Amino acid sequence: MTYTEEVMAKLKSQYSYEPEFLQAVQEVLGSLSPVLEKNEKYRKNRILERLTEPERTIGFRVDWVDDAGNIQVNRGWRVQFNSAIGPYKGGLRLHPSVNLGVLKFLGFEQIFKNSLTGLAIGGAKGGSDFDPKGKSDMEIMRFCQSFMNELFRYIGATIDVPAGDIGVGGREIGYLYGRWKKLTRSYEGVLTGKNILFGGSLARTEATGYGVVYFAQAMLADRKENLAGKTCVVSGAGNVAIYCCQKLRQIGALPVTVTDSRGMIVDPDGINVEVLQKVKEVERASLARYAELVPGAKYTPASAYAEGRHPVWDVPCFAAFPCATQNELNLADAQALIKNGCKCVAEGANMPSTLEAVHDFVSSGIAYGPAKAANAGGVATSQLEMAQNAEMQSWTFEEVDKKLKQIMDNIYKNAADTAREFGRPGNLVMGANIAGFRKVADAMIAQGI
Ligand code: NDP
Ligand code: 2IT
């Protein structure tokens, strides 16, 4: 048995009930053989065993009172996965599908993503099985306050800096920050994605979506291609999807779809980003509302989808941007995209493609940007927010956006160069995994046991 097979077999028996975590580990370990074979030190130092076990996992009860006066009880966690290269950093997710295994997959991915940014940030993730859908502002506030009543003990501007993810945006970060400040009597950059009024960074809201497009542009430029005038398919309709669509429109590409948990929009004239923002950011409504406001757009409810397929991947396109959630794109979807002429896939969501779909993209030779490289612009800009807070300055939108673009170009170059170094040019899955791994593993070895 090879070292990776040995570690994978042990994890499968230990954590058979955490399928998403096992999937994320499998994807990384499947790429590392070339670097592990060349360097006995990683096995000797038990790096894979250490990397796949979080340094610390905190779990807690979150009880709160709803508008009807009933007591509600949720579960909350923070997984502090790895701090070899910097303070723990990663988002908080609020969604009924959240459990410890999902947060471990996200925290594990975050280690390598954060390493790839070239910045000094370790990997973490947290969240709750709380469902924000249909909750009033006051219910969201009371939940966030109760969540922070426990979390505050474990975080700090140089210890662990949470941010947003699914179900957590500016509103939630504001309520979390307010409670943290009250509990600690301090005013520091302990969360990112804050409102500009109290230490937020310009361009953080846009950063993940813009970064995914910058990454796609970098991949395509290397192939003497570009996105101008090209039809694009986007899934999701949240923070990442909205600003992915906005940047695509700015550069003259045509995003024609968005999706949410209840349905899909196809808008042949190109997604109207202002209307999308009104529906999702202001009204917090379903995408059915977009079709009411934009007469040319077609809405398909999720109830009409065929079993096991998402119809968004059947829409012919040059480039696809999965920006909703994990495992939203399977092998049949990948095959449909490629058959219809798709030449580029850049992942805005975390682990949106199944292992089989990833394999299909890589072996087809299209420009495929895996999540931990392509969506790193969000966390990278979070680190820029930490830097601004630490120096008590704020930079202009243009300054932050320029740094973001530079970081995305560097991530692409690092992943592409590393893939070439290990004899697999163009395989950015291998390039990103090895490049992200080496820095963290070598830092762990240097810091001893
Ligand atoms: P949002 O909560 O803003 O939006 C999520 C979107 O995806 C919504 O449209 C939501 O639909 C849809 N969605 C979520 N879960 C499901 C599901 N189980 N089935 C179908 N649709 C679903 O989150 P973000 O845009 O911030 O996050 C999207 C993805 O990007 C996630 O994978 C996240 O981890 C990743 N990401 C986010 C970053 C950030 O900075 N925010 C950074 C890097 C990655 P509905 O509106 O109906 O709920
Ligand atoms: O998955 C991610 O990278 C995020 N949700 C952003 C994390 C962050 O700390 O900005």
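Ligands are counted one by one from 1 in listed order, and the atoms in each one are counted from 1 as well. Nothing here was measured: the structure is a model prediction, and the numbers come from that model.
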Where is the nearest protein heavy atom to atom 24 (P) of ligand 1: which residue, which atom, and how far? Val240 CG2, 3.9 Å
Among protein heavy atoms, which sits nearest to atom 19 (N) of ligand 1, and what does the distance come to when rounded to 0.1 Å? Thr325 CG2, 4.1 Å
Please state which protein non-hydrogen atom is closest to atom 32 (O) of ligand 1 and give its distance, to 0.1 Å? Asn350 N, 3.1 Å
heavy-atom search around atom 2 (O) of ligand 1 in the protein gives Gly167 N, 2.9 Å
When you measure from atom 29 (C) of ligand 1 to each heavy atom in Gly348, Gly193, Ala324, which option holds the nearest one? Ala324
If you measure every N or O of Leu106 against every N or O of ligand 1, does any of those distances drop under 3.5 Å? no
Give me the nearest non-hydrogen protein atom to atom 39 (C) of ligand 1 as residue plus atom name, then the distance to 0.1 Å. Thr208 OG1, 3.4 Å
Geometry only, no angles: is Lys125 polar-contacting ligand 1 at N/O separations under 3.5 Å? no
What I want to check is whether the side chains of Asn350 and Glu109 have a donor and an acceptor closer together than 3.5 Å. no
Are Thr192 and Lys89 close enough that a side-chain donor and a side-chain acceptor fall under 3.5 Å? yes
Heavy-atom proximity to atom 1 (P) of ligand 1 ranks first, among Pro132, Ala241, Gly169, Gly238, for Gly238
Just to verify, what does Lys125 make a salt bridge (Lys or Arg N to Asp or Glu O under 4.0 Å) with, not counting sequence neighbours? Asp165
Any donor-acceptor pair under 3.5 Å linking the side-chain atoms of Trp313 with those of Asn330? no
Do Lys135's NZ or CZ and the ring of Phe130 fall within the cation-pi criteria of under 6.0 Å and 45°? yes
Atom pair CG (Asp314) and CE (Met264), whose distance is rounded to the nearest 0.5 Å: 8.0 Å
Can you tell me which residue pairs pass the salt bridge (Lys or Arg N to Asp or Glu O under 4.0 Å) test with a partner in residues 232-244, sequence neighbours excluded? none
Is it true that Tyr210 and Gln250 share a donor-acceptor pair across their side chains at a distance under 3.5 Å? yes
Tell me yes or no: between the side chains of Lys372 and Asn433, is some donor less than 3.5 Å from an acceptor? yes
Indicate, as side chain, backbone, both or neither, the part of Arg204 found under 4.0 angstrom from ligand 1 when only non-hydrogen atoms are considered. side chain
Applied to residues 262-278, the salt bridge (Lys or Arg N to Asp or Glu O under 4.0 Å) test, sequence neighbours excluded, yields Lys278-Glu283
For atom 23 (O) of ligand 1, the closest protein heavy atom turns out to be Ile166 CA, 3.4 Å
May I ask you to list the atoms of ligand 1 that are less than 4.0 angstrom from any heavy atom of Arg93? 31 (C), 32 (O), 33 (C), 34 (O)
One finds that the ligand 1 atoms under 4.0 Å from a non-hydrogen atom of Ala349 are 29 (C), 30 (O), 32 (O), 35 (C)
Among all protein non-hydrogen atoms, which one is nearest to atom 3 (O) of ligand 1, and what is the separation to 0.1 Å? Asn239 N, 2.9 Å
For Cys323, the ligand 1 atoms whose distance to one of its heavy atoms is below 4.0 Å: 28 (C), 29 (C)
Basic-acidic side-chain contact under 4.0 Å: Lys405, Asp401: no
Can the ring centres of Tyr187 and Tyr177 be said to be less than 6.0 Å apart? yes
Working for salt bridge (Lys or Arg N to Asp or Glu O under 4.0 Å), residues Arg142 and Asp67: CA-CA 10 Å; Arg142 289 194 292 270; Asp67 287 347; 2.6 Å; yes
Nearest neighbour in protein (non-hydrogen) for atom 11 (O) of ligand 1: Ser261 N, 3.2 Å
Distance alone, cut at 3.5 Å: any donor-acceptor contact between the side chains of Glu55 and Ser83? yes
Between ligand 2 and the protein, which N/O pairs fall short of 3.5 Å?
| unit_1 | atom_1 | unit_2 | atom_2 | d |
| --- | --- | --- | --- | --- |
| ligand 2 | 1 (O) | Gln110 | OE1 | 3.4 |
| ligand 2 | 1 (O) | Lys113 | NZ | 3.0 |
| ligand 2 | 1 (O) | Lys125 | NZ | 3.0 |
| ligand 2 | 1 (O) | Asn350 | ND2 | 3.0 |
| ligand 2 | 3 (O) | Gln110 | NE2 | 3.0 |
| ligand 2 | 3 (O) | Lys113 | NZ | 2.8 |
| ligand 2 | 5 (N) | Lys125 | NZ | 3.3 |
| ligand 2 | 5 (N) | Gly164 | O | 3.0 |
| ligand 2 | 5 (N) | Asp165 | OD1 | 2.9 |
| ligand 2 | 9 (O) | Lys89 | NZ | 2.7 |
| ligand 2 | 10 (O) | Arg204 | NH2 | 3.0 |
| ligand 2 | 10 (O) | Ser382 | OG | 2.6 |

How does Lys280 reach ligand 1, by side chain, by backbone, by both or by neither, if only non-hydrogen atoms under 4.0 Å count? side chain
